[in-house]
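Please read the structure below before turning to the comments.
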Protein chains: 2
Amino acid sequence: MEQRRADNIAEQLEELIFNGTFSNGDRLDEVRLAEQFGVSRTPLREAFQRLALSGLVELIPRRGAFVRQPGPVELMEMFEVMAELEAVCGRLAALRISDDALEELRDANAKCQAAVDNRDADTYYIENERFHMIIYQQSGNSFLAQEAAKLHKRLKPFRRQQLRFRGRMAQSMAEHELVVQALERGTADQAADTLRGHVAVQGEKFHQLMATLKSEAD
Amino acid sequence: MEQRRADNIAEQLEELIFNGTFSNGDRLDEVRLAEQFGVSRTPLREAFQRLALSGLVELIPRRGAFVRQPGPVELMEMFEVMAELEAVCGRLAALRISDDALEELRDANAKCQAAVDNRDADTYYIENERFHMIIYQQSGNSFLAQEAAKLHKRLKPFRRQQLRFRGRMAQSMAEHELVVQALERGTADQAADTLRGHVAVQGEKFHQLMATLKSEAD
DNA sequence: AACACTATTCTTGTATACAAAAATGTTGAC
DNA sequence: GTCAACATTTTTGTATACAAGAATAGTGTT
């Protein structure tokens with residue numbers, strides 16, 4: 001059989017939690033999941049440990065593993081941190097970004113724009129992600145890039161919902177343009193501020209996010 | 001026997017790695033550690049999963065768990081992120097801090113000063129930590145506070161070494177004073193910049209950090 | 001002596017077994 | 001009918017067993 005199942009299983013469970021197969025208070029039944037995955041409880045429990053540390057699951061002693069989705073407050077906090085991390089990445093990237101990476105950013109942006117024109121949300125989503133990942137990497141700090149990517153991934157499901165709202169993709173595109181300009185010019189503070197504003201949940205976005213939260217709690 | 005061993009064991013292993021019992025490339029022998037802790041391999045392996053996700057240990061399939069200390073580059077990266085996180089905490093705290101917390105900060109600072117006068121490095125260390133934790137919490141974002149505390153903990157061993165250098169404690173104290181002033185006045189950017197500079201590794205601190213790294217690689 | 005190849009030993013990864021705690025169901029008193 | 005006490009069943013946590021891959025030692029060849 002394939003080796004290193006534990007981490008693989010962790011990923012699959014993560015996916016199942018993200019896509020809503022398991023919702024907030026659900027207990028992850030060891031034996032049921034074990035036979036579902038076709039493995040024994042041992043690798044499953046190892047996966048639980050990982051999920052627990054990443055905060056997706058709460059391990060209650062002698063009780064089991066419960067999925068733990070962030071509530072409204074925690075979610076706002078996470079978005080605030082994401083906005084600040086993006087700002088930091090942007091500020092550093094403005095000083096350190098390579099010409100090649102700038103070209104990549106422009107390419108991602110062009111494909112984003114095309115996706116907006118075609119109303120192709122999936123492509124938009126993928127290219128948008130590439131855009132941000134490039135900025136993380138061009139911060140020149142791989143530890144920072146990793147942390148940013150980690151939180152980005154965790155917020156994925158909620159961001160995805162956000163894109164559904166009318167005009168959101170177009171506005172997001174305009175902001176991307178400003179970010180690229182700031183990075184081109186090397187104006188660090190401007191890059192930071194633009195990215196912070198781009199990611200931050202404020203104004204109408206706040207209501208939209210709360211709306212998606214409510215609709216998920218059914 | 002006590003329940004929930006896995007996380008407890010993870011903590012103990014973490015401590016053993018921090019205090020240098022295990023150094024960089026060491027393999028964590030499952031059977032040896034198991035009998036050392038008086039448990040079976042199962043809870044140990046669960047602990048490994050946690051340590052792996054927190055980055056202290058690298059899990060190589062079919063090879064085992066190897067302790068993974070950050071090298072000079074990664075360490076600089078981590079300090080850079082720490083500086084930025086502190087800056088963010090400071091900026092938010094400047095707007096959100098309570099009067100009580102300000103009083104706590106002044107108290108921690110006073111005790112720090114007393115420790116400097118008495119050349120009491122341990123007390124200095126404890127009160128210094130309290131100082132920073134208060135700022136994390138007063139950011140009003142508990143997710144941010146948690147992340148900051150996590151990284152703070154990870155950098156602990158290296159920061160501790162830093163304090164040994166001549167004049168470091170006194171300089172650090174002066175910077176703390178500036179931080180408190182900025183927080184009192186609510187000047188967010190000033191609080192952020194001061195804290196960033198306080199934590200950042202630059203100038204002489206860089207050489208000092210590298211010196212401690214070399215002395216540990218023996 | 002250096003190297004390739006094989007056999008042996010160790011170590012990991014996973015399944016299973018078992019004990020202890022929690023949850024559930026049942027009985028009986030009021 | 002409600003509740004409490006006890007018995008039964010689940011479920012977790014840990015130990016042990018076992019199979020397969022990796023490391024190591026040993027053998028023979030050049």
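Quick note on labels: first sequence line is chain A, next is B, and so on, each numbered from 1. What you are looking at is a predicted structure, and each value in this text was computed from that prediction instead of being measured.
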Rounded to whole Å, please give me the gap between [atom1] in [X] and [atom2] in [N].
X: A/Glu30; N: C/dA22; atom1: CD; atom2: C1'; result: 14 Å
X: B/Leu44; N: C/dT11; atom1: CG; atom2: C1'; result: 14 Å
X: B/Asp29; N: D/dA22; atom1: CG; atom2: P; result: 18 Å
X: A/Glu46; N: D/dA15; atom1: CD; atom2: C1'; result: 14 Å
X: A/Arg32; N: D/dT10; atom1: CZ; atom2: P; result: 16 Å
X: B/Leu33; N: C/dT11; atom1: CG; atom2: C1'; result: 13 Å
X: B/Phe48; N: C/dT14; atom1: CZ; atom2: C1'; result: 16 Å
X: B/Leu59; N: C/dT14; atom1: CG; atom2: C1'; result: 15 Å

Exercise for the section: Could you tell me whether the phosphate oxygens of D/dG13, OP1 or OP2, come under 4.0 Å of any side-chain nitrogen or oxygen in A/Arg63? Expected result: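 Looking at the OP1 and OP2 atoms of D/dG13, neither is under 4.0 Å from any side-chain N or O of A/Arg63.
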Handout entry: Under 4.0 angstrom between B/Arg45 side-chain N/O and D/dT14 OP1 or OP2
Key =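 Indeed not, no polar side-chain atom of B/Arg45 lies that close.
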Exercise for the section: State plainly whether the residues A/Asp122 and A/Arg160 are in salt-bridge range, i.e. N to O under 4.0 Å. Expected result: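 A salt bridge is present here (some side-chain N lies under 4.0 Å from a carboxylate O).
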Practice task
May I ask you to decide whether B/Arg130 forms a salt bridge with B/Glu104, counting only side-chain N to carboxylate O separations under 4.0 Å?
Solution key: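 Here B/Arg130 pairs with B/Glu104 in a salt bridge, since their nearest N and O are under 4.0 Å apart.
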Exercise for the section: May I ask you to check whether B/Ser139 and B/Asn141 show a side-chain donor-acceptor distance below 3.5 Å? Expected result: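 Not at all, the side chains of B/Ser139 and B/Asn141 share no donor-acceptor pair under 3.5 Å.
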Exercise for the section: For B/Ser142 and A/Glu77, test the side chains for any donor-to-acceptor distance below 3.5 angstrom and give the result as yes or no. Expected result: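 Yes - a donor-acceptor pair under 3.5 Å links their side chains.
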Practice task
Indicate, with a heavy-atom threshold strictly under 4.0 Å, whether A/Arg27 touches base, sugar-phosphate, or nothing.
Solution key: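 Sugar-phosphate: the residue A/Arg27, judged by heavy atoms under 4.0 Å, touches backbone atoms but no base.
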Problem - Among B/Glu84, B/Glu80, B/Glu86, side chain to side chain donor-acceptor pair (under 3.5 Å) partner for B/Arg196 - result: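 Testing B/Arg196 for a side chain to side chain donor-acceptor pair (under 3.5 Å) against B/Glu84, B/Glu80, B/Glu86 leaves exactly one candidate, B/Glu84.
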Exercise for the section: State which of C/dA15, C/dT14, D/dT11 makes the closest approach to the side chain of A/Val31. Expected result: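 So the side chain of A/Val31 is nearest to D/dT11.
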Exercise for the section: If the plane angle is over 60° it's perpendicular, under 30° parallel, otherwise tilted; pick one for B/His176 and B/His132. Expected result: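 The rings of B/His176 and B/His132 stand perpendicular, inter-plane angle above 60°.
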Practice task
Take B/Lys156 and B/Glu129 through the test salt bridge (Lys or Arg N to Asp or Glu O under 4.0 Å) and record every step on the way to the result.
Solution key: CA-CA 10 Å; B/Lys156 207 172 197 166; B/Glu129 182 159 283; 3.8 Å; yes
Restricting both atoms to N or O, compile the protein contacts to nucleotides 16-19 of chain D shorter than 3.5 Å, with distance only.
| residue | atom | partner | partner atom | Å |
| --- | --- | --- | --- | --- |
| D/dT16 | O4 | B/Thr42 | OG1 | 3.4 |

